Amino acid sequence: MEPKQHLYLVDGSAYIFRAYHRLPPLTDPEGTPVGAVYGYTTMLWKLAEDLNKADGPTHLAVILDAGSESFRNEIYEDYKANRPPPPEDLVPQFPLIRDATRAFSLPCIEEQGFEADDLIASYAREATRRGWDVTIVSSDKDLMQLVGKCAEPHDGVEGGCIDMLDTMKNQRIDIPEVIEKFGVPPEKVGDVLALMGDSVDNVPGVYGVGPKTATKLIQEHGDLETALAAAPAMKKSKLQERLIEQAEQARLSKVLVTLKEDCNLPLDIDAFKLDAIPPEPLAAFLGKHGFTSLLKRLETGTGSPANTTQLNPAKPVTAAAGPSEGASRQPLPDMPAVDRSAYECITTEAALDQWIARAAQARMVAIDTETSALDAMRADLAGISMAVGPNQACYIPLSHGGTDMFAEKPEQVALDNALARLKPLLESDAVLKVGQNIKYDLNVLARHGIEVAPIDDTMIVSFDLDAGRSMDGIGGGHGMDELSERHLGHTTLTFKEICGTGKKAIPFGEVPLDRATEYAAEDADVTWRLHSVLKPRLSEEGGTRIYERVDRPLIPVVAQMERHGIKVDRDRLAHLSSQFAEALGALEQEIYTCCGQEFTIGSPKQLGEILFDKMGYKGGRKGKSGQYSTDQAVLEKLAGEGAEVATKVLEWRQLSKLRSTYTEALQAAINPDTGRVHTSYSLVGAQTGRLSSTEPNLQNIPIRTEIGREIRECFVAEPGNVLLSADYSQIELRLAAHMADVPSLKEAFAKGEDIHARTATEMFGTVDRDTRGRAKTINFAILYGISRWGLAGRLGVDPDEAQAMIDRYFERFPGIQRYIHETLEQVRERGYSETLFGRKTWFPRINSKNGAERQGSERAAINAPIQGTCADIIKRAMARMGPALAEAGLPDVKMLLQVHDELVFELPESDVAAASPVIERVMAEAALPAVRLDVPLGVEIGSGASWGAAH
DNA sequence: GGCCGAACGTA
DNA sequence: GTACGTTCGGCCC
């Protein structure tokens with residue numbers, strides 16, 4: 001197993017300047033000023049400590065400026081000519097930077113003629129091209145041009161991506177943060193910098209153009225050349241004159257700020273591998289300069305910061321908070337209390353435009369849509385709320401008072417007019433839109449022709465930080481009311497309070513505007529506040545990778561799947577339904593005859609009493625309800641003993657289930673507008689990271705029985721199209737073989753063998769129907785966190801025998817036992833399990849005194865990394881699927897459903913041949929390059945007129 | 001009307 | 001033995 005390589009490039013020269021100005025002037029025992037060096041040393045220490053953490057470095061290098069002259073001086077001789085000489089007490093610290101870096105045994109790179117920025121850009125390009133991720137440790141604005149840049153995929157390897165880390169502010173800088181700073185995405189930062197110039201570096205720019213104007217010009221015109229070209233047509237002003245006069249100067253500036261990405265690389269990036277840091281040279285350095293607190297930690301630690309993750313985190317250089325102690329102990333943020341009277345109800349165009357401008361200027365806006373119902377595919381838009389800061393929130397009613405045609409509607413901006421005004425804001429790549437469960441808003445607004453982007457979702461952020469965490473009875477959910485209570489100490493108005501409940505409930509559009517404003521604007525306000533509290537925790541707690549690279553990109557993809565929906569054959573469902581009804585009627589009569597009375601067959605209570613009390617069959621009471629158990633296992637046992645009624649009840653149950661849950665419910669779920677069924681996926685529904693599906697649940701459509709399979713036949717494609725199903729074969733066992741490092745299982749998968757047969761051979765020495773079946777049961781038992789009792793129940797043997805089999809399994813596959821042991825150790829110690837991609841699941845009861853509770857957590861903790869890794873992999877495949885199909889010239893292939901290890905597509909029949917290999921490849925390579933699995937991921941593809949036929 | 005447990009559909 | 005969601009009956013308010 002090879003974890004994702006992650007190169008950290010430290011902008012050493014820039015750091016030292018900032019550290020100098022921010023830290024008190026310290027001197028070492030010899031009287032040499034070392035304040036900035038101390039800051040630099042603690043930063044390296046902290047970075048090295050993050051080795052092996054989810055987003056931490058695997059490789060690290062420090063990049064320095066070699067001298068004052070660079071190739072830019074050949075282009076523009078005054079470049080950096082205005083630089084004042086560095087302060088006197090900083091000068092002696094420059095060489096110490098190199099000493100410090102060497103003390104950590106880290107590579108230090110500098111190259112005559114190039115600036116550190118150029119070397120960083122070049123190294124970043126090389127690393128991302130190899131599929132590594134890159135974090136630039138700096139806050140230099142020129143380097144922000146690189147943020148979010150990802151290398152093109154090649155040879156089946158996904159390129160890595162670049163982000164930045166400002167260690168002084170303890171802040172990750174990704175695309176949204178760049179947008180927040182510059183008002184434009186990173187690829188346009190160079191154009192903004194070119195216009196505004198830089199007095200320190202003596203980049204001329206255009207005189208009189210500062211950051212504000214530069215941003216405005218690029219936002220309006222798109223890029224520098226277009227802005228310059230548009231200048232003659234602008235209205236007469238000083239600005240217009242200067243843009244025309246100084247166009248060449250602006251172009252020169254662009255060249256000066258553009259980073260050179262093809263420098264010679266003095267040292268190969270493989271040499272940057274970050275390993276355990278030898279303590280001796282580090283101790284010598286720390287001692288020489290009197291950094292006693294660090295020295296003490298080095299001595300009490302296990303040797304060096306790179307393998308002393310148990311150490312307390314280095315004391316932050318600034319007052320910024322260190323890593324959070326856990327969600328339950330979050331201090332309340334420093335924000336004014338929620339004041340609903342501060343909210344504004346927007347009823348005029350002018351007020352709306354003003355808020356849109358405010359949001360654009362803030363570059364970040366929390367939004368929330370209010371609708372007439374919960375189903376995003378049917379609901380009508382009632383209004384939209386926005387927030388740009390604490391208590392700075394508004395509500396824009398759009399269709400209030402529509403129910404009573406004769407009543408006078410409250411004054412409000414007309415829906416189409418308001419949406420036309422909001423559209424540029426909601427679609428602007430310069431403004432981040434934050435939502436709580438924003439997939440809902442994406443779907444509602446998409447139905448009005450608005451494609452909201454870029455986005456952040458506080459619910460998903462909460463999930464990626466705290467999945468599985470429950471706060472001593474407070475609950476560990478990710479709903480807004482709960483999050484507000486937990487993180488803001490604020491109780492929100494509830495929907496029920498505003499709209500009532502049950503029969504008396506009114507649609508949101510009928511709520512009076514003052515109440516509607518309080519509720520809706522509060523939701524946006526709270527979302528804004530939650531974002532400010534939760535988002536920074538991602539980088540502090542190692543959640544950035546899973547959020548930015550897996551879950552956030554998935555949001556619009558899943559939203560699109562929901563909007564596509566899937567066609568079902570209503571007539572066929574109705575036909576099945578009546579067939580089932582007929583059979584049910586007949587069975588009912590037969591059951592009544594057997595029992596000598598009529599009763600509610602669907603009531604386990606009544607059924608149990610009749611079977612066991614009245615008819616005298618044997619079977620025990622069960623559990624706390626004091627009720628007879630009549631479940632499948634019990635009835636099958638009775639049936640085996642010749643009880644005909646048990647067979648009939650089982651058959652009745654199957655048909656009844658199919659009819660009520662599927663044939664009837666699916667017809668009711670058909671959307672009258674689209675004629676299709678639109679499920680809703682929850683991205684936070686399963687603690688392990690799996691999706692869940694509701695209204696209707698399309699992830700539990702029958703397949704195992706012949707009669708159930710008929711329901712799959714009712715899922716069909718439009719004329720001329722087919723449904724294509726692609727599923728991972730045995731993915732969880734493959735992942736178990738990889739994660740537990742079991743050579744014989746890995747070998748069996750590599751050779752394409754029947755894995756259960758192989759297990760049977762290892763376990764029992766022979767393969768036949770019986771031993772293969774038992775081996776299969778044991779294999780799954782392993783994935784689910786084995787126990788002797790559970791396995792005994794499944795195999796129909798006694799617990800001692802089951803234990804003997806488990807022992808035998810561990811003996812034959814020693815990696816499995818080691819995996820279970822190590823996984824549990826880690827969960828007990830840290831509180832959470834982790835997938836191969838860094839997704840955490842928390843297990844607060846893993847050390848419970850209650851044995852059953854603790855063992856339950858242990859089983860879940862063994863399963864979570866495997867199930868969760870599987871979820872991560874298919875999510876990555878889903879996010880890449882759209883672009884891959886587009887690139888292959890297959891825009892008509894639509895991804896409709898996800899069922900944990902299966903993806904279902906609808907596509908023109910003529911596209912099947914071309915699409916199949918693309919889908920197969922994307923799925924099979926979905927783990928790469930972050931994780932290189934030791935086993936191949938098998939993908940099986942089939943297509944046909946229906947979902948049933950596609951299998 | 002709302003909530004819970006039993007039962008059962010999927011991976 | 002893991003992870004879900006839905007339906008139903010039964011019971012509560």
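The shown structure was predicted, so the numbers you read here are calculated from the model rather than taken from an experiment. Every chain is numbered from 1 and lettered A, B, ... according to where its sequence line falls, protein lines coming before strand lines.
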Could you list the residues that satisfy salt bridge (Lys or Arg N to Asp or Glu O under 4.0 Å) with A/Asp754, not counting sequence neighbours?
-> A/Arg772
Can you tell me how far [atom2] of [N] sits from [atom1] of [X], to the nearest Å?
| X | N | atom1 | atom2 | answer |
| --- | --- | --- | --- | --- |
| A/Glu732 | C/dC4 | CD | P | 13 Å |
| A/Gln898 | B/dT10 | CD | P | 17 Å |
| A/Glu636 | B/dC8 | CD | C1' | 12 Å |

Any [X] side-chain N or O less than 4.0 Å from OP1/OP2 of [N]:
| X | N | result |
| --- | --- | --- |
| A/Arg794 | C/dG1 | no |
| A/Ser692 | C/dA3 | no |
| A/Arg690 | B/dA11 | no |

Side-chain ion pair, A/Arg830 and A/Glu834, N-O less than 4.0 Å =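 Yes, this pair counts.
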Is it true that A/Asp551 and A/Arg839 have a side-chain N and a carboxylate O under 4.0 angstrom from each other?
-> yes
Listed by chain and number, what are the ring-ring contact (aromatic ring centres under 6.0 Å, His included) partners of [X], not counting sequence neighbours?
| X | value |
| --- | --- |
| A/His678 | none |
| A/Tyr662 | none |
| A/Tyr809 | A/Phe813 |

Counting any heavy atom closer than 4.0 Å, what does A/Gln855 reach on the DNA or RNA strands: base, sugar-phosphate only, or nothing?
-> nothing
For A/Ile782, report the nucleic acid contact type (base, sugar-phosphate, nothing); a contact means any heavy atom under 4.0 Å.
-> nothing
Just compare [options] and give me whichever is closest to any side-chain atom of [X].
| X | options | value |
| --- | --- | --- |
| A/Thr688 | B/dG9, B/dA7, C/dA3 | C/dA3 |
| A/Arg859 | B/dG9, C/dT2, C/dC4 | C/dT2 |
| A/Ala781 | C/dA3, C/dG1, B/dA6 | C/dG1 |

Which residue pairs pass the ring-ring contact (aromatic ring centres under 6.0 Å, His included) test when at least one of the two sits in residues 824-845 of chain A, sequence neighbours left out?
->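 Residue pairs passing ring-ring contact (aromatic ring centres under 6.0 Å, His included), neighbours aside: A/Tyr832-A/Trp842.
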Taking protein heavy atoms under 4.0 Å as touching, what does nucleotides 6-13 of chain C look like 5' to 3' if B marks base contact, S marks sugar-phosphate-only contact and - marks none?
-> BSSSSS--
Which pairs, protein N/O on one side and nucleotides 2-4 of chain B N/O on the other, fall under 3.5 Å?
residue: B/dG2; atom: OP1; partner: A/Thr501; partner atom: OG1; Å: 2.7

For A/Glu920, side-chain contact (heavy atoms from CB on, under 4.5 Å) partners two or more places apart = A/Ala924, A/Val939, A/Ile941
Can you name the side-chain contact (heavy atoms from CB on, under 4.5 Å) partners of A/Thr661, sequence neighbours left out?
-> A/Lys657
